[in-house]
Amino acid sequence: MRFLPVFLDVSAGTVALIGTGAAAQTKLRLLRAAGARIRWYAGAERFAVEAAETATHADAFEAQLDIVASDPAQADLSGVIAVVSAAGGAIDEAVAARARAANIPVNVVDRPDLSTFVFPAVIDRGDVVVAVGTGGASPVLARRLRERIEALLPARIGDLAALMGRFRERFAQRRHESRSLRRFWERVVDGPIGSAALAGHWHEAESALAQAVEESAKPEEASGLAYLVGAGPGDPDLLTLRALHALQSADVILYDELVSPAVLDRARRDAERVFVGKQRGRPGVGQDTINRLLVEHARRGLTVVRLKGGDPFIFGRGGEELDYLRDAGVPAVLVPGVTAALGCAAEAGLPLTFRNEATRLCLVTAQRAADVGATDWSELADPQTTVVVYMGLAVAASVRDGLIAAGRSPATPVAVLARGTRPDASAVYGELRDLGALAAQVGDGPGLLVIGEVVARADGWRAGYAGSAGMAEIAA
């Protein structure tokens, strides 16, 4: 590591900026954003005028800017805390030599050999700032890394840091000696307060944090936290950032059979993993037992994650679990996931709605579809309605019979999407009259049935469906 990462308070003195080109103006914007007092050596009078116009039209920052029309090579470096030079050639070399001789930190743009400090690629989230540097060797790589990190950081993370900063002193004064400072702030960041803040619910977050600070005066009791997390349809890259954060903080993970091994691999390595799934034809863990386990683990002071395929609130019984946790007084955080209908359809290039063609989307669970007589299929018979049946492989024939009896055309395009977004994904396409036979082709689930005119727009239909053959298979 050639350059030591530090954060410099540029408002504590004056920064000398040398040069007028694009690189100098980029550094000007960065310095002004940091609140620096800047002495800008813009060269001859003509360049000073141009510099003044640039400063006038730049974004307004709370910073002092003095523009000097003298020879940049002879810039007055007295009283400056740093020098940034972007004039080029001999001027940069002369300025760097003078700064070094005066023990003033100097950055020469694109010349790390002349610099005693470099500008990193910066991710600015207010009170949270992340800097990425390559020692000046590859600014392009630093920018690419910054873009990736920026995508990972919640947009409001800096505001959350500011909120915590406002309460830090009060917490230090109020907290009981049994309270762990580290654990308290971890729970703020990872729990309902942090979730509310990152969602922009500032009044709720501030009120909850104020209450938590007041309660910190009492001796600490074991108090855990429960997450209800949507794991998506199977591809770990479809996990949300918040889901990934929850998995990384988990002490215990309760997961079902719809959660892929690849998703579990993203969890904290030493977390206890408890399978609570239900498999067809086999005894499973009842919902009452799952609810009880969630509360028991949380009351031991642990962070417990209930990990579900897709989204917890779409046929995932997440609402029941949330109610149980609330009634038990256990703090709970809901983390939505990419539901199977969206993830699997996107992988298949299948739009679930389409202007003037499919204006309604209905999600149906297999438990309802299995009882043909008790299901009102008429509301799903509209040709502009796309019907998606979850866990539908075993009831495909019942779905076919119910829809056709209600008036849906037997020639309606259909797709059976099995194990969508996973490496062994499979999709078959055909017509509604053949739905039962199509479902038998794809093997084990999880699987979705998609019925509607939009199926004909799917990649697999376009690539391989032959109407006269009745069905076609496209393996993902």
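What's counted below: heavy atoms across the whole structure, side chains too, no hydrogens, waters or symmetry copies. This structure is a prediction, so every number in the text was calculated from the model and none was measured.
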(message) Is there a side-chain contact between Val304 and Leu225 in this structure, where contact means two heavy atoms from C-beta onward sitting under 4.5 Å apart?
(response) no
(message) Within this structure, what is the CD-CZ distance for the pair Gln248 and Arg268, rounded to the nearest 0.5 Å?
(response) 9.0 Å
(message) Looking at every non-hydrogen atom in both residues, tell me the closest pair between Ala341 and Leu352 and how far apart they are.
(response) O-CD1, 3.6 Å
(message) Using only atom types and a distance under 3.5 Å, with no angle test, would you say the side chain of Gln64 pairs donor to acceptor with the backbone of Ile38?
(response) no
(message) side chain to side chain contact (heavy atoms under 4.5 Å, CB included), that's the test. Do Phe7 and Val129 meet it? Break it down for me.
(response) CA-CA 9 Å; Phe7 288 89; Val129 177; 3.8 Å; yes
(request) Could you tell me whether the side chain of Ile193 reaches within less than 4.5 Å of the side chain of Glu206, counting heavy atoms only? (result) no
(request) Answer with yes or no whether the side chains of Ser85 and Tyr41 bring together a donor and an acceptor at under 3.5 Å. (result) no
(message) Using 0.5 Å steps for rounding, measure from the CG atom of Asn107 to the CZ atom of Arg111.
(response) 12.0 Å
(message) With heavy-atom distances below 4.5 Å as the criterion, would you say the side chains of Val450 and Leu417 are in contact?
(response) yes
(message) Under a plain distance cut-off of 3.5 Å, with no hydrogens placed, do His297 and Arg300 share a side-chain donor-acceptor pair?
(response) yes
(message) Quick check for you: to the nearest 0.5 Å, what is the distance between Asp311 atom CG and Leu342 atom CG?
(response) 9.0 Å
(message) Quick check: closest heavy atoms across Val338 and Leu238, and the distance to 0.1 Å?
(response) CG2-O, 3.7 Å
(message) Is it the case that the side chain of Ser11 and the backbone of Gly35 share a donor-acceptor pair, with hydrogens and angles ignored and the cut-off at 3.5 Å?
(response) no
(request) Run the numbers on Glu215 and Arg174 for salt bridge (Lys or Arg N to Asp or Glu O under 4.0 Å), then give the verdict. (result) CA-CA 9 Å; Glu215 292 177 351; Arg174 293 283 296 167; over 6 Å; no
(request) Output yes when a side-chain donor or acceptor of Gln384 lies under 3.5 Å from a complementary backbone atom of Asn356, and no otherwise. (result) yes
(request) Please name the pair of heavy atoms, one in Ala24 and one in Leu17, separated by the smallest distance, quoted to 0.1 Å. (result) O-CD2, 3.7 Å
(message) Distance check, rounded to the nearest 0.5 Å: His245 atom NE2 versus Leu239 atom CG?
(response) 11.0 Å
(message) Return the CZ to CG distance between Arg306 and Leu228, rounded to the nearest 0.5 Å.
(response) 8.5 Å
(request) Apply salt bridge (Lys or Arg N to Asp or Glu O under 4.0 Å) to the pair Asp424 and Arg422, showing each step before the final yes or no. (result) CA-CA 5 Å; Asp424 61 343; Arg422 303 184 183 191; 5.8 Å; no
(request) State whether the side chain of Asp251 and the backbone N or O of Ala271 hold a donor-acceptor pair below 3.5 Å, judged by distance alone. (result) no
(message) So does Asp76 get a backbone contact from the side chain of Arg98, meaning a donor-acceptor N/O pair under 3.5 Å?
(response) no
(request) Test Leu363 against Leu361 for side chain to side chain contact (heavy atoms under 4.5 Å, CB included), laying out the working first. (result) CA-CA 7 Å; Leu363 307 181; Leu361 173 64; 4.2 Å; yes
(request) Just say parallel, tilted or perpendicular for the rings of Trp461 and Tyr429, cut-offs at 30° and 60°. (result) perpendicular
(message) A side-chain contact here means heavy atoms from C-beta on lying under 4.5 Å apart; do Ser207 and His203 qualify?
(response) yes
(message) Just so I know, are the side chains of Arg125 and Arg156 near enough to count as touching, which here means a heavy-atom distance under 4.5 Å?
(response) no
(message) Between Ser138 and Leu141 (side chain of the first, backbone of the second, donor and acceptor by atom type, cut-off under 3.5 Å), is there such a pair?
(response) yes
(request) Please tell me if the side chains of Val364 and Val387 come closer than 4.5 Å, counting only heavy atoms from C-beta onward. (result) yes
(message) Applying side chain to side chain contact (heavy atoms under 4.5 Å, CB included) to Leu28 and Trp40, what does each step give before you reach the verdict?
(response) CA-CA 9 Å; Leu28 172 66; Trp40 189 6; 3.4 Å; yes
(message) Donor-acceptor check, side chain of Arg299 to backbone of Ala328, threshold 3.5 angstrom: yes or no?
(response) yes
(message) Is the distance from the ring center of Phe119 to that of Phe117 below 6.0 Å?
(response) yes
(message) I need the Glu214 CD to Phe171 CZ distance, nearest 0.5 Å.
(response) 11.5 Å
(request) Report, as yes or no, whether the 6.0 Å neighbourhood of atom CG on Asp110 holds more than 12 heavy atoms from other residues, nucleotides or ligands. (result) no
(message) For Leu114 versus Val106, what's the shortest heavy-atom pair and its separation?
(response) O-CG1, 3.8 Å
(message) Using every non-hydrogen atom in the two residues, find where Asp256 and Gly309 come nearest and quote the distance to one decimal.
(response) OD1-N, 3.8 Å
(request) Please tell me if the side chains of Leu307 and Leu254 come closer than 4.5 Å, counting only heavy atoms from C-beta onward. (result) no
(request) Return yes if some donor-acceptor pair links the side-chain N/O of Thr240 with the main-chain N/O of Gly337 below 3.5 Å, else return no. (result) no
(request) Evaluate the side-chain proximity of Met164 to Arg166: yes if any heavy-atom separation is below 4.5 Å, no if none is. (result) no
(request) Mind running salt bridge (Lys or Arg N to Asp or Glu O under 4.0 Å) on Arg326 and Glu321 for me, showing each step along the way? (result) CA-CA 9 Å; Arg326 285 171 172 167; Glu321 292 169 353; over 6 Å; no
(message) Can you confirm whether more than 12 heavy atoms, excluding those of Arg144, are under 6.0 Å from its CZ atom?
(response) no
(request) Show your working on side chain to side chain contact (heavy atoms under 4.5 Å, CB included) between Leu448 and Val389 and close with a plain yes or no. (result) CA-CA 6 Å; Leu448 296 175; Val389 182; over 6 Å; no
(message) Taking Arg457's backbone N and O only, do any of them form a donor-acceptor pair with Arg462's side chain (distance below 3.5 Å, no angle check)?
(response) yes
(request) Grab the two heavy atoms, one from Thr116 and one from Pro105, that are nearest each other, plus how far apart they are. (result) OG1-CA, 3.4 Å
(message) Between Ser195 and Pro192 (side chain of the first, backbone of the second, donor and acceptor by atom type, cut-off under 3.5 Å), is there such a pair?
(response) no
